[in-house]
Amino acid sequence: MGQWRGPGGILVEAIILDDRPLLRVSHQVNGRTYLRGYCATVSELGRHGVDLAELVEDSSLDHL
């Protein structure tokens, strides 16, 4: 699993929800996190205002 950050507080996380792998898109504004939505595929990220070219891997979660 991993996390990627984009400009303007965008956060994309690879998660498992109801036994399905999904990408959770959230937006951090003034210390608060707002859920934008879930995506089943990478191609759906654009609908939530995410530009793949601007994403940077936040940190590795391999230690969990």
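Values below: every heavy atom of this structure, side chains too, minus hydrogens, waters and symmetry copies.
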Is the side chain of D51 donor-acceptor paired with the backbone N or O of A53 at a distance under 3.5 Å, no angle test?
yes
Which atom pair, heavy atoms only, marks the closest approach of R36 to G49?
NH1-CA, 4.0 Å
Check each of V12, I15, T41, V50 against L23 using the side chain to side chain contact (heavy atoms under 4.5 Å, CB included) test, and report the only one that passes.
V12
Which atom of A40 lies closest to which atom of L22, heavy atoms considered:
CA-CD2, 3.8 Å
R5: partners by side chain to side chain contact (heavy atoms under 4.5 Å, CB included), with sequence neighbours left out
L11, Q28, D58
Do the side chain of H48 and the main chain of R24 share a donor and acceptor less than 3.5 angstrom apart?
no
In the single-linkage hydrophobic clustering (I, L, V, M, F, W, Y; side-chain heavy atoms under 4.5 Å), do I10 and Y34 co-cluster?
no
For residues I16 and P21, report the shortest heavy-atom separation together with the two atoms involved.
CD1-CA, 3.8 Å
Identify the two heavy atoms, one from S26 and one from E13, that lie closest to each other, and give their separation to 0.1 Å.
OG-OE1, 4.4 Å
For P7 and E54, work out which heavy atoms get closest and say how close.
CG-OE1, 3.2 Å
